[in-house]
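The next block holds one structure in the form of structure tokens; read it before the comments.
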Amino acid sequence: MLWHAAPMMKIACIGGGPAGLYFAISMKLKDPAHEIEIFERNAPGVTFGWGVVFSDLTVDNITRNDPASAKTITDEFAHWDDIDVHIRGETVTSGGHGFIGISRKRLLAILQDRARELGVTLHFNAECDPADPKWRDYDLVIASDGANSRFRDANPAAFGVDVDVRRNRFVWLGTSKVFDAFTFAFEETEHGWIWAHAYRFAPDCSTFIVECSEETWRSFGFDRMSQDESIAACEQLFASYLDGHRLQSNASHLIGSAAWLNFRRIKCERWASGNVILLGDAAHTAHFSIGSGTKLALEDAIKLAEVLNRDGLSLEAALDEYQAERNLEVLKLQNSARNSTEWFETLGRYLRFEPLQFAYSLLTRSQRISHENLRLRDREWLEGVERWFWKRATDGRSNTTAPPMFAPLKLREMTVENRITVSPMAMYSAVDGVPNDFHLVHLGERALGGAGLVFTEMTCVSPEGRISPGCTGLWNAEQAAAWTRIVDFVHAQSKAKICLQLGHSGGKGSTRLGWEGNDVPLDEGNWPVMAASDVPWTPANQVPRAMTRADMDAVRDQFVAAVRMAIECGFDMVELHAAHGYLLSSFITPLQNNRTDDYGGSLENRLRYPLEVFAAMRAAWPGDRPMSVRISATDWAGEDGVTPDEAVAIGEAFAREGADLIDVSAGQTWAEQQPVYGRMFQTPFSDKIRNEGRLATMAVGNIYEPDHANSILAAGRADLVALARPHLIDPMWTLRAAAQLDYRGVHVPPQYLNGMSQLARNLKREAEAAAALRV
Ligand SMILES: Cc1cc2nc3c(=O)[nH]c(=O)nc-3n(C[C@H](O)[C@H](O)[C@H](O)COP(=O)(O)OP(=O)(O)OC[C@H]3O[C@@H](n4cnc5c(N)ncnc54)[C@H](O)[C@@H]3O)c2cc1C
Ligand SMILES: Cc1cc2nc3c(=O)[nH]c(=O)nc-3n(C[C@H](O)[C@H](O)[C@H](O)COP(=O)(O)O)c2cc1C
């Protein structure tokens, strides 16, 4: 049936939460002729929860939509600026966060009054049953019945409902203790860690959400306690923050509410079916720790009312636009909310951090707040973090206040000047494996560009170990001499250190130059390839020979021979490439390895040969120079491939053999991979390996702004940050970042000093002009 957005509609809103009420208000404002009824199962004034927080942007939106209700709401806002993080007896306070909040009860009362004033009919104590035939009498039934929506769940297939029940337990309580700052209080107990998120929303009242892991929750016996007992236990646990004030619940007398909950992340593929339209939490939820559920509900309501009243728009088109536009916003927030949820679920990783870094990690957990955002909020606090970072990076010698990316890092006896790395990138420009003038200029230019560490491309240990005929190699004296020339240039003309990445292409070898077709076999002159098993990369690629033990010995010895030559060339560091589906990676991933001997099956077996190669290389490489290994931390294949949990074990295994750094890449290990791309998309794997395995890591993958690098480093998500593609078009990336951040300590080649100071001046002028415009 083709409906048209009619001038007058008869509408039922199921649920009198923020979504239902605000939609009714917004519809009436658009056209008072609409007949709107709200059905709320609870009595007036009875609701779950305590306070809700808003952002300035939401305030702007509701002010534009309905200045009258917005004024009443904003007049009653509680404002606060600081966040206090309490952990291990210390309090870390940062300012400038600018929160506004209101009691949920007051918000609903204001919206109810406004709805009545505009002629909306409100029914309380009215439990609605989706099976009731009376809903057919309405043009539209708005399912604004919250996260546990009966109207959505009556027909889950129609809406394509996806529910993700999260791991932690939480209970939403209130207290008369007034918290001046948004407070996070972490307490260690014999049962595990438990923490509170607390904030003031009225002059005499605060929200107090208590959260812990499922294991801690059970160990406390919360699963066996009555609500009153749970509350009493929480009062005791957080007594030092409550100053004698009591905790209270308002969930017990509510229909459909429980005390302790697991957060349910809800997504729906379709937001409308028949005459039922999902709104607010019924359509989507965002974890309470980013405080955006009410904002989303209000903004859904504004948008839905707008499209339904737009002239000339069919109902179908209106609903399509409603979902398309709102879903984009929801997905962005759900993404941030997922990061935040996972931070609390993996809290154990960060508890060893010093309180200052712990607080930084907490503040940047959703990745919506970055290093420079924090500088804008509280410069002094951020500079304290930077000083702390530099002190640690220099064993207490430096008192510098400067961006973390410029702090040095020591690996064995090698010290890199700063934390920015030029990631290995195959250039497909060598002849017979010999690097030439292109490589000299390419690598030399990037070293002059200020990066602390420059990686060579994957340099192959034998002619058959090359990916393409254009790959560099290190198996003969001519190649060694050519590399020496490059290494000498880097050392003489820059402060950069240079790392040789050594690899063997395995089953992905004998293919064309990158720009002539990635992983596509050569038209002619193919050479035979070998791998862990006889599994071809794709049906178009050669079937590799499954390596015999003799092959393994030969290839291991080739790696060792290359390492010996690398010493002569003067390389500062060597990396073993065990990622991306090449030879050693083909052992590690179960998707390429179907061996039934000691080198296949369990992770221990699959790692055996790569570890043997690494150990042999380590034995040949000087003890005072560092070595790293590049791994794919996931096969992007779910449980069928290498998982991030296994990646921690892989990192640990290489570290036991003497790896000083795990270079954390991902994927490219099987042709059917399903990667999830995005800004800094592989950094979570680095975070996991670094903080669960307690290993030094390098993060890589769509990191392109200085702000990304600084946020990653200060939050302890990696020790080094590698950039590949950004360096292809901007060899001077690090110098440009130094100019942008007005950091004077970076080494600038003397030939370029004039350019650097001019860039810094111009950028400063532009920033000042932009700031003046904002004022
Ligand atoms: C612990 C916690 C903390 C939160 N903190 C914040 C925060 O700080 N800021 C923020 O913006 N959001 C926060 N939220 C989220 C916020 O509460 C929701 O996102 C928001 O309330 C969504 O509004 P809604 O109208 O869609 O749903 P709800 O507010 O859940 O309203 C749904 C209404 O429908 C009624 N109802 C349900 N079923 C029926 C039925 N069958 N018949 C009749 N009535 C029915 C319910 O009684 C309820 O009144 C938090 C949520 C939780 C769980
Ligand atoms: C042209 C090109 C060649 C690459 N060659 C290599 C390589 O030789 N060895 C390697 O480990 N990774 C290689 N990579 C992967 C990069 O090192 C890096 O992990 C990836 O590009 C993601 O980082 P980015 O988003 O900063 O580009 C290559 C990437 C590009 C773009």
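One-based numbering, in listed order, for ligands and for the atoms of each. In this text the structure is predicted, and so the values were computed from the model without any measurement. Computed from heavy atoms alone, side chains included, the values below leave out hydrogens, waters and symmetry copies.
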Which bit of Ala579 gets closer than 4.0 Å to ligand 2, counting heavy atoms only: side chain, backbone, both or neither? neither
Can you see whether Asp66 engages Ser69 through a side-chain donor-acceptor pair at a distance of less than 3.5 angstrom? yes
Indicate whether the side chain of Ser230 and that of Trp260 have a donor and an acceptor atom separated by less than 3.5 Å. yes
Within ligand 1, which atoms have a heavy atom of Gly280 less than 4.0 Å away? 26 (O)
Of all the atoms in ligand 1, which lie at a distance below 4.0 Å from a heavy atom belonging to Arg150? 41 (N)
Ligand 2 contacted by His580 (non-hydrogen, < 4.0 Å): yes
For Trp50 and Ile209: C-alpha separation, side-chain torsions, deciding distance, then whether side chain to side chain contact (heavy atoms under 4.5 Å, CB included) applies. CA-CA 10 Å; Trp50 297 87; Ile209 300 169; over 6 Å; no
Listed by chain and number, what are the side-chain contact (heavy atoms from CB on, under 4.5 Å) partners of Thr341, not counting sequence neighbours? Arg166, His287, Glu345
Taking the six-membered ring for Trp, are Trp80 and Tyr199 parallel (under 30°), tilted (30 to 60°) or perpendicular (over 60°)? parallel
Can you list every pair that meets salt bridge (charged side-chain N to carboxylate O under 4.0 Å, His left out) and has a residue in residues 720-734, with sequence neighbours left out? Asp730-Arg736
Does Gly514 have a heavy atom less than 4.0 Å from any atom of ligand 2? no
Counting from 1, what ligand 1 atoms have a heavy atom of Arg104 closer than 4.0 Å? 17 (O), 21 (O), 28 (P), 29 (O), 31 (O)
Between His197 and Phe288, is the ring centroid distance below 6.0 Å? yes
Identity and distance of the protein heavy atom lying nearest atom 1 (C) of ligand 2: Ala426 O, 4.0 Å
Backbone or side-chain N or O of Pro424 under 3.5 Å from ligand 2 N or O: yes
Distance-only N or O hit between ligand 2 and Ser665, under 3.5 Å: no
Heavy atom under 4.0 Å from ligand 1: found in Phe124's side chain, backbone, both, or neither? neither
For ligand 1, the portion of Phe170 having any non-hydrogen atom under 4.0 Å away: side chain
Going by heavy atoms, is Tyr199 under 4.0 Å from ligand 1? yes
Nearest protein heavy-atom contact for atom 27 (O) of ligand 2: which residue, which atom, what distance? Arg725 NE, 2.6 Å
Quick one: which of Ile467, Thr421, Val700 has a heavy atom closest to atom 23 (O) of ligand 2? Val700
Quick one, Glu299 with Lys303, criterion salt bridge (charged side-chain N to carboxylate O under 4.0 Å, His left out). Give me CA distance, side-chain angles, the key distance, then yes/no. CA-CA 6 Å; Glu299 289 170 357; Lys303 182 69 193 175; over 6 Å; no
Judged by heavy atoms only, the candidate from His197, Glu127, Glu40, Arg264 nearest atom 40 (C) of ligand 1 is Glu127
For the residue pair Arg717 / Ser686, report whether a side-chain donor-acceptor contact shorter than 3.5 Å exists. no
What do you reckon, does Ala19 have a nitrogen or oxygen under 3.5 Å from a nitrogen or oxygen of ligand 1? yes
Any N/O pair Leu723/ligand 2 closer than 3.5 Å: no
Distance under 4.0 Å to a non-hydrogen atom of Gln501: what atoms of ligand 2 satisfy this? 7 (C), 8 (O), 9 (N), 10 (C), 11 (O)
For atom 15 (C) of ligand 2, what is the nearest protein heavy atom, given as residue, atom name and distance? Arg630 NH1, 3.8 Å
Could you identify the single nearest non-hydrogen protein atom to atom 8 (O) of ligand 2 and state the distance to 0.1 Å? Met458 N, 3.0 Å
Does the side chain of Asp300 pick up a donor-acceptor pair with the side chain of His284 at under 3.5 Å? yes
Ignoring hydrogens and angles, state whether a donor on the side chain of Asp519 or Thr511 is under 3.5 Å from an acceptor on the partner side chain. no
If you take the nearest heavy atom of each of Ala724, Ser423, Gly667, Gly701, which one is closest to atom 20 (C) of ligand 2? Ala724
Please report whether ligand 2 has a polar contact with Glu457, defined as an N or O pair separated by less than 3.5 Å (distance criterion only). no
Identity and distance of the protein heavy atom lying nearest atom 2 (C) of ligand 2: Met425 CG, 3.8 Å
Are Thr121 and Glu37 close enough that a side-chain donor and a side-chain acceptor fall under 3.5 Å? no
Any idea which part of Arg41 is under 4.0 Å from ligand 1, heavy-atom wise: side chain, backbone, both or neither? both
Would you please test Val276 and Tyr138 for side chain to side chain contact (heavy atoms under 4.5 Å, CB included) and show each step? CA-CA 10 Å; Val276 179; Tyr138 291 86; over 6 Å; no
Please indicate whether any nitrogen or oxygen in Ile14 is less than 3.5 Å from any nitrogen or oxygen in ligand 1. no
For ligand 1, which atoms, with element, lie under 4.0 Å from some heavy atom of Lys295? 11 (O)
Is the ring centre of Phe124 less than 6.0 Å from the ring centre of Phe39? no
Using a 4.0 Å cutoff against the non-hydrogen atoms of Asn42, which atoms of ligand 1 qualify? 47 (O)
Have Thr472 and Thr459 got a donor and an acceptor in their side chains that come within less than 3.5 Å? yes
Do Gln501 and Thr456 get their side chains close enough for a donor-acceptor pair, meaning under 3.5 Å? no
Test of understanding: given a 4.0 Å heavy-atom threshold, classify the contact between Ala286 and ligand 1 as side chain, backbone, both, or neither. neither
Atom 11 (O) of ligand 1: of Thr294, Thr207, Leu298, the nearest heavy atom sits on Thr294
List ligand 2 atoms under 4.0 Å from Pro726, heavy atoms only on the residue side. 26 (O)
What do you reckon, does Phe151 have a nitrogen or oxygen under 3.5 Å from a nitrogen or oxygen of ligand 1? no
Thr669 side chain to Gly581 backbone, donor-acceptor under 3.5 Å: no
Could you walk me through whether Asp281 and Thr285 pass the side-chain hydrogen bond (donor to acceptor under 3.5 Å, both in side chains) check? CA-CA 5 Å; Asp281 269 18; Thr285 55; over 6 Å; no
Atoms of ligand 1 under 4.0 Å from any heavy atom of Ala126, numbered from 1 in the order shown, are 42 (N), 43 (C)
With backbone taken as N, CA, C and O and side chain as the heavy atoms from C-beta onward, which portion of His577 lies under 4.0 Å from ligand 2: side chain, backbone, both, or neither? side chain
Side chain, backbone, both or neither: Cys128 near ligand 1, heavy atoms under 4.0 Å: both
Which of the numbered atoms in ligand 1 are below 4.0 angstrom from a heavy atom of Ser292? 11 (O)
I would like to know whether Ile102 and Phe201 meet side chain to side chain contact (heavy atoms under 4.5 Å, CB included); could you show each step before the answer? CA-CA 5 Å; Ile102 190 169; Phe201 61 81; 5.8 Å; no
Quick check on contacts: which atoms of ligand 1 are under 4.0 angstrom from a heavy atom of Phe39? 43 (C), 44 (N)
Aromatic ring proximity His577/Tyr582, centre distance under 6.0 Å: yes
